[in-house]
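To keep things clear, I will list the structure first and then write my remarks on it.
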2 protein chains.
Amino acid sequence: MTGVTTPADDTPAAPAAAAPRRGRARGEQTRQLILETALRLFRERGYAETTMRAIAKEAGVAVGNAYYYFDSKEHLIQGFYDRSQASLRGAVAPLLESERDFATRLRATLHAGVDVNAPYHSFAATFFKTAAEPTSPLSPFSRESSPAREAAIDVFRDVVEGSSVKLDPELRRELPELLWLGWMGVVLFWVYDQSPDQRRTRRLIDGAVPLIDRLVALSRLRVLRPALRQILTLIDSIRRDD
Amino acid sequence: MTGVTTPADDTPAAPAAAAPRRGRARGEQTRQLILETALRLFRERGYAETTMRAIAKEAGVAVGNAYYYFDSKEHLIQGFYDRSQASLRGAVAPLLESERDFATRLRATLHAGVDVNAPYHSFAATFFKTAAEPTSPLSPFSRESSPAREAAIDVFRDVVEGSSVKLDPELRRELPELLWLGWMGVVLFWVYDQSPDQRRTRRLIDGAVPLIDRLVALSRLRVLRPALRQILTLIDSIRRDD
DNA sequence: CTCCTCTCTTGAACGTGTTCAACTAGCATC
DNA sequence: GATGCTAGTTGAACACGTTCAAGAGAGGAG
């Protein structure tokens, strides 16, 4: 059950280069086919309404075959994550290249995050619970999704590092992870947001970004240094894993 | 499916008073028996590992009978919520009666919240995901759990109102709900907390309470008035439901 | 007593996610 | 060419949550 090495983990063997159709990667094709089919059906019918049998039938394979490549139905969602993450990166890259203002960078990134996932809103709400379970490998805090998490934090690191904002150096170090945590909060809000076009989430972003910008600026104020130090100490003590 | 009125909604009919064993409440006994059995098995074996068949068998009824009283397996959890909420109220009542210091009141309440739920930590982690689904009636934000939510917010209202803390009147109005939201954050952290005795959650509380206390005090500072106003405006705009 | 009504109870049956022993196909080695 | 070897593939079978048509039992009306 656990510790199963999926075929995806295999590093392409030596004779993979320039191999004909049926070289070594026969399985990889099937894997992609199943994932593709699954995500399409999820989008069309919703997660709960899409059965593993339907996925297999639509992909033209046996149901057991899907389980050869994916440990469970939930694991199919990981593919969605990866894609979403890549889309976000691509969407914000040009802007992060040119713009220097911190608030603008952050705001654009958050809105892009919502944009990218918008087509999957109803679908996301349905499977969100599987990601929320602490023991699930799909949890954003799990060890298994650690690479994806790091990649996401890197986006916010880019937002901070590439900006012209001036702030406490220690806060600067912590800020990317804090922003990612805030983003998780936005996602949580977004999932619950039933307003048309998720307008409330947009308002949340538009309201929260200037606020964060202001608080970050205030962090250099003398009266607030003790409070800031207290916050950073708290973060450190929580992070301790004992 | 939706809109099903559970027997629990029935107001006790007129002839209920001083009725013998087999009066009108024959069903209520069965209901309690099933709930009791279910919660015990959840505690003993975990939520996922407890089957509806096992609950029915242990309670000595048919599996269909459990579904006569509870719409689904998840709905059995609501009973756990109610109990937990009542325990918390009882646990903090004496202290809130005597103590006046805000930080002390808040700290004690949060710790009591953890204490009360501690025996169910592993069990809670398992079923947490069902509560996380936005469409679930068990979600803390759902309309169905509105009474329970209001009751929980009332506890924090008590924490604020009964304290000697001085703060901005508008913030005072919003603070109970904000504290409840913070409490939800603590619960989220707690569910994920795998440290022995959930020590990290304790550290989070012990670190966060003085911080909140300090920030609340700082809220009266002149330099921070605009920021505070900005926060309150943001809350208001998010709350708008359109 | 007989019939009716309403609450409560039953367990077989359905569709689901998942498992697994058996089988197939390509490829290297003898 | 025969013989294995391993990655890939199959579908019947299992346990689960849930549904539902059928019935049981108690209390009143005639």
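The chains referred to below are lettered A, B, ... by the order of the sequence lines, with proteins before strands, and numbering in each begins at 1.
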- If we fit an axis to the first five pairs and another to the last five of the helix from C:dC1-D:dG30 to C:dC30-D:dG1, what angle do they make, to the nearest 10°?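 Helix axis angle between the two ends: 30°.
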
- Of A:N65 and B:R53, the one whose closest nucleotide on DNA chain C sits nearer the 5' end is B:R53

In whole Å, I'd like the distance from the [atom1] atom of [X] to the [atom2] atom of [N].
X: A:I34; N: D:dT9; atom1: CD1; atom2: P; value: 8 Å
X: B:Q29; N: C:dT7; atom1: CD; atom2: P; value: 18 Å
X: A:R45; N: C:dT16; atom1: CZ; atom2: P; value: 11 Å
X: A:F70; N: D:dT9; atom1: CZ; atom2: P; value: 12 Å
X: A:M52; N: C:dG15; atom1: CE; atom2: P; value: 19 Å
X: B:L33; N: C:dC8; atom1: CG; atom2: P; value: 14 Å
X: B:E28; N: C:dT7; atom1: CD; atom2: P; value: 15 Å
X: A:Q32; N: D:dG8; atom1: CD; atom2: P; value: 13 Å

- Task: Measure up the A:F141 and B:Y192 rings against each other and bin them: parallel (under 30°), tilted (30 to 60°), perpendicular (over 60°).
- Result: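 Taking B:Y192 first and then A:F141, their aromatic rings stand perpendicular (interplane angle over 60°).
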
- Message: Please verify the inter-ring angle class for B:F42 with B:F123; under 30° counts as parallel, over 60° as perpendicular, anything in between as tilted.
- Response: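 If you compare the ring of B:F42 with that of B:F123, the planes turn out tilted.
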
Check whether any side-chain nitrogen or oxygen of [X] sits under 4.0 Å from OP1 or OP2 of [N], and answer yes or no.
X: A:T51; N: C:dG15; answer: no
X: A:Y67; N: C:dT18; answer: yes
X: A:Y68; N: D:dT9; answer: no
X: B:T30; N: C:dC8; answer: no

- Task: Could you tell me whether A:K73 sits above the aromatic face of A:Y47, with NZ or CZ closer than 6.0 angstrom to the six-membered ring centre and within 45 degrees of the axis?
- Result: yes

- Query: How far apart are the closest heavy atoms of A:A124 and A:W190, and which atoms are they?
  - Reply: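 So the minimum-distance heavy-atom pair works out to CB-CZ3, 3.8 Å.
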
- What nucleotide, of D:dT18, D:dG11, C:dG11, holds the atom closest to the side chain of B:A62? C:dG11

- Remember a base hit wins even if backbone is also touched, and classify A:V61 as base, sugar-phosphate or nothing at under 4.0 Å, heavy atoms.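 Sugar-phosphate contact only.
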
- Task: Could you list the residues that satisfy side chain to side chain contact (heavy atoms under 4.5 Å, CB included) with A:T109, not counting sequence neighbours?
- Result: A:V92, A:L96, A:V155, A:F156, A:V159

- Query: Is it true that A:E44 and A:R40 have a side-chain N and a carboxylate O under 4.0 angstrom from each other?
  - Reply: yes

- Taking for each residue the nucleotide of DNA chain D bearing the nearest heavy atom, is the 5' side occupied by B:K73 or by B:G64?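 Mapping each residue to its closest nucleotide by heavy atoms, the 5'-most match is B:K73.
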
- Would you check if there is a donor-acceptor pair between the side chains of A:H111 and A:D206 at a distance under 3.5 Å? yes

